[in-house]
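First comes the structure, then the notes that go with it.
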Number of protein chains: 4
Amino acid sequence: MKHKKPKYRQIIDAAVIVIAENGYHQAQVSKIAKQAGVADGTIYLYFKNKEDILVSLFQEKMGTFIEKIEEEIAGKETASEKLYMLIEKHFALLAADDHLAIVTQLELRQSHKELRLRINEVLKGYLNVVDKIVITGKQTGEFRDNLDLRLARQMIFGTIDETVTTWVMNEHRFNLQELASQVHELIIYGCGRPA
Amino acid sequence: MKHKKPKYRQIIDAAVIVIAENGYHQAQVSKIAKQAGVADGTIYLYFKNKEDILVSLFQEKMGTFIEKIEEEIAGKETASEKLYMLIEKHFALLAADDHLAIVTQLELRQSHKELRLRINEVLKGYLNVVDKIVITGKQTGEFRDNLDLRLARQMIFGTIDETVTTWVMNEHRFNLQELASQVHELIIYGCGRPA
Amino acid sequence: MKHKKPKYRQIIDAAVIVIAENGYHQAQVSKIAKQAGVADGTIYLYFKNKEDILVSLFQEKMGTFIEKIEEEIAGKETASEKLYMLIEKHFALLAADDHLAIVTQLELRQSHKELRLRINEVLKGYLNVVDKIVITGKQTGEFRDNLDLRLARQMIFGTIDETVTTWVMNEHRFNLQELASQVHELIIYGCGRPA
Amino acid sequence: MKHKKPKYRQIIDAAVIVIAENGYHQAQVSKIAKQAGVADGTIYLYFKNKEDILVSLFQEKMGTFIEKIEEEIAGKETASEKLYMLIEKHFALLAADDHLAIVTQLELRQSHKELRLRINEVLKGYLNVVDKIVITGKQTGEFRDNLDLRLARQMIFGTIDETVTTWVMNEHRFNLQELASQVHELIIYGCGRPA
DNA sequence: TATGAATGAGTGTTCATTCAT
DNA sequence: AATGAATGAACACTCATTCAT
């Protein structure tokens with residue numbers, strides 16, 4: 001809620017569009033300004049530099065993303081249900097926003113190491129949500145006692161992320177949201193056949 | 001057998017070192033040439049352009065990578081054992097080559113979209129190995145019948161890849177190889193408690 | 001009497017401080033406005049543009065400078081005494097105002113050629129005072145008959161100016177005012193030994 | 001003799017022309033490159049950055065300048081004769097090179113403080129020559145015993161420099177070289193009438 | 001009078017690639 | 001085969017000035 005200034009959001013939204021349509025390396029500040037309908041210099045009244053646009057973009061979008069997911073999860077009882085909602089909502093939100101999906105899955109990963117480190121900071125918010133689900137699952141007995149928190153987190157995030165990336169790279173040739181239940185099953189039961 | 005020319009490998013090995021030590025965006029052709037002990041222009045006698053160095057690098061290294069993993073897997077009977085060897089060898093090979101781990105997990109992902117598409121082509125070789133294991137598992141009845149091949153592949157690759165990336169980003173603060181059995185267990189049984 | 005508006009002087013004084021403390025090229029209009037406690041736009045109610053601030057600054061300060069020197073000189077009889085007062089007062093006034101000394105000797109000289117031409121116009125007032133002393137000296141017989149007015153003026157101004165600049169550049173490591181009598185001697189008698 | 005590469009001198013000479021004709025602030029690197037008949041990038045094979053061109057320019061030209069003056073002076077016996085040659089040669093060299101005179105007297109003085117400090121370093125070579133003359137003069141008894149070295153240096157340099165600057169600013173409306181003897185007289189005997 | 005958000009022109013530098021030797 | 005000097009396109013950011021309020 002820090003930034004109510006309409007131009008702040010205008011510029012971030014413009015950045016998403018320009019990056020999605022032109023690629024990270026072709027997203028010049030002047031192009032973003034033009035898309036936002038402001039002068040180049042105006043960008044610098046709201047952002048420290050180009051990197052700041054990108055980090056802010058990720059913070060804003062990921063913030064909203066996490067908030068929405070947490071809302072959905074809060075209404076669920078079991079870890080399994082929470083996990084399902086996480087996956088379902090994650091897929092739904094990205095499926096609903098083509099540009100954002102391209103930007104987060106493909107383009108922003110081309111950024112400089114330093115920027116990626118700052119993006120990872122933001123990502124920690126998401127991973128915390130995952131962690132809470134895993135901890136809940138272990139407490140309720142739904143998940144194995146000997147489950148390693150970090151590995152479980154990596155497995156859950158890795159599976160979801162790889163699925164979304166494949167979907168984006170295949171240019172949405174399959175329906176992402178429909179996969180939610182299968183991905184959920186895979187994470188809970190693994191590849192193995194139930195005993 | 002394709003390239004016996006010593007300079008071809010010399011340049012690729014130089015590229016790995018330069019990229020690992022300087023980062024993708026600081027790995028200029030002139031730096032690679034210097035590290036390889038050749039003139040800038042000589043690079044272009046062996047590679048079409050800079051992108052070609054990187055794709056070739058990935059092809060060469062990933063080729064060897066896949067060969068070694070296939071060797072190990074061939075000696076195993078069950079899908080579960082094959083999967084274990086895949087994970088174990090994957091971790092072992094990267095843990096043994098610092099530079100290569102950094103280059104494949106962090107640096108090369110900063111490349112242009114186009115280059116990443118070509119890298120994905122190479123990656124298919126690896127994913128085919130995963131696919132074969134999954135298919136075997138379904139045939140032997142080790143894996144569930146209703147397992148979706150593509151999703152299983154994404155889950156396996158996503159989990160392994162995310163684990164390695166975390167390890168590289170944490171600057172090797174934990175022992176990667178030791179995690180092989182836990183990751184294996186996670187992929188086979190999932191997070192859930194056995195019935 | 002020209003400008004009674006308090007903000008006019010406020011802005012000029014702010015400019016002297018900002019230029020002295022930040023250097024000519026780091027003295028942005030917004031910084032001057034902030035120092036003066038007015039909005040950026042307000043500057044343009046009192047000055048045509050940035051250059052106008054600097055020229056006005058020089059005019060105001062140099063005007064006061066010349067007035068004070070003329071006062072002192074008027075009380076003296078001989079050209080030699082007048083010259084001495086000129087030097088002494090020149091040194092005294094700049095030694096008493098650190099900021100002004102830095103601005104006139106170092107910073108303002110970095111200005112564009114056009115601005116420097118306008119500054120030279122203002123400087124003529126000072127050179128006229130010098131000229132009057134030289135003319136007086138020739139009339140009274142204190143100075144040589146064949147003395148070229150322009151050259152004498154350049155020698156007097158050049159020597160004084162170079163001395164002040166050296167003093168400013170040496171960060172006031174020596175006492176400027178104490179040099180007045182020696183500089184006076186040098187100008188009257190030159191380097192040579194009296195016959 | 002460090003740089004025999006023709007392009008090095010080509011670029012420096014181009015810089016003198018471009019700065020003299022366009023002014024310091026309109027002397028873009030691309031303009032200098034064009035004048036030198038090389039590509040923009042070529043500049044950076046010979047100079048670290050733009051500032052380096054300007055410092056090198058000053059070093060090269062001032063180096064030659066000092067060398068020539070020292071040669072002339074070496075052939076003279078008395079301090080007075082040496083001083084005369086210094087002035088005469090100083091005037092002659094600048095009168096013979098319009099562009100260089102403009103660059104050193106007007107344009108280069110607009111440079112940033114840092115660059116001016118580096119230019120001052122180079123200038124010390126010239127001031128050393130002046131110092132030697134003054135010291136000689138005191139030893140031979142031509143100059144006063146109580147002459148302060150630093151003040152004498154400032155007087156000599158200040159007078160010569162101010163004269164040249166006036167000449168350049170007046171667009172060569174008078175003959176500079178002809179003034180040498182009068183300036184010499186002024187420095188040796190001052191404005192005063194011989195006793 | 002006074003404000004301050006918005007404007008947009010302008011430029012030093014890097015580096016993949018070429019080609020004469 | 002090998003060299004390495006030369007090329008030239010491309011871009012983030014600053015800041016004096018304006019003008020609606």
Backbone N/O of B:Leu123 and side chain of B:Asn120: donor-acceptor pair under 3.5 Å = no
Measure from OH on B:Tyr24 to P on E:dA16 and round the result to the nearest Å.
-> 9 Å
Cationic N near anionic O, under 4.0 Å, C:Lys124 to C:Glu121 | yes
Is a side-chain donor or acceptor of B:Lys61 paired with a backbone partner of B:Ile12 at a separation under 3.5 angstrom?
-> no
Is there a donor-acceptor pair closer than 3.5 Å between any side-chain N or O of B:Arg118 and the backbone N or O of B:Glu51?
-> no
Heavy-atom contacts under 4.0 Å between residues 28-40 of chain C and DNA chain F, which residues?
-> C:Gln28, C:Val29
Considering only side-chain heavy atoms of C:Gln26, which listed nucleotide, F:dA2, F:dA5, F:dC15, is closest?
-> F:dC15
Would you find a donor on one side and an acceptor on the other, under 3.5 Å apart, between the side chain of A:Lys31 and the backbone of A:Gln26?
-> yes
Could you check how far CD1 of C:Ile43 sits from P of E:dT3, rounded to whole Å?
-> 10 Å
Do the rings of D:Tyr126 and D:Phe65 sit parallel, tilted or perpendicular, given the 30° and 60° boundaries?
-> tilted
Atom-to-atom span, OH of C:Tyr8 to C1' of E:dT1 - whole angstrom = 18 Å
When pairs are called at under 3.5 Å and a stem needs at least three consecutive Watson-Crick or G-U pairs, the stems of DNA chain E are E:2-21 with F:2-21
From CG of D:Leu45 across to C1' of E:dT14 the rounded distance in Å is 11 Å
At what distance, to the nearest 0.5 angstrom, does NZ of D:Lys7 lie from CD1 of D:Ile43?
-> 11.0 Å
Whole-Å distance between E:dT14 C1' and A:His25 NE2?
-> 15 Å
Between D:Ala27 and D:Ile32, the two heavy atoms sitting closest are O-CD1, 4.1 Å
Is there a residue in residues 49-57 of chain B whose heavy atoms reach under 4.0 Å of DNA chain F, and which residues are they?
-> none
Look at the side-chain N and O atoms of B:Tyr46 and state whether any lies under 4.0 Å from the OP1 or OP2 oxygen of F:dA2.
-> yes
What is the distance, rounded to the nearest whole Å, between atom NZ of A:Lys48 and atom P of F:dT14?
-> 11 Å
Apply side chain to side chain contact (heavy atoms under 4.5 Å, CB included) to the pair B:Arg109 and B:Thr165, showing each step before the final yes or no.
-> CA-CA 11 Å; B:Arg109 311 207 171 184; B:Thr165 298; 4.1 Å; yes
Partners meeting salt bridge (charged side-chain N to carboxylate O under 4.0 Å, His left out) with B:Lys48 (sequence neighbours left out) | none
After noting the C-alpha distance and the side-chain angles of D:Asp98 and D:Glu171, does the key distance pass the side chain to side chain contact (heavy atoms under 4.5 Å, CB included) rule?
-> CA-CA 10 Å; D:Asp98 268 29; D:Glu171 284 161 341; over 6 Å; no
Distances for protein N/O vs nucleotides 19-21 of chain E N/O pairs under 3.5 angstrom?
none

List, one per line, each side-chain donor-acceptor pair under 3.5 Å for residues 18-25 of chain B, sequence neighbours excluded.
unit_1	atom_1	unit_2	atom_2	d
B:Asn22	ND2	B:Val18	O	2.8
B:His25	NE2	B:Gln110	OE1	3.4

Starting at CG of D:Leu117, measure out to CE of C:Met169 and round the result to the nearest 0.5 Å.
-> 7.0 Å
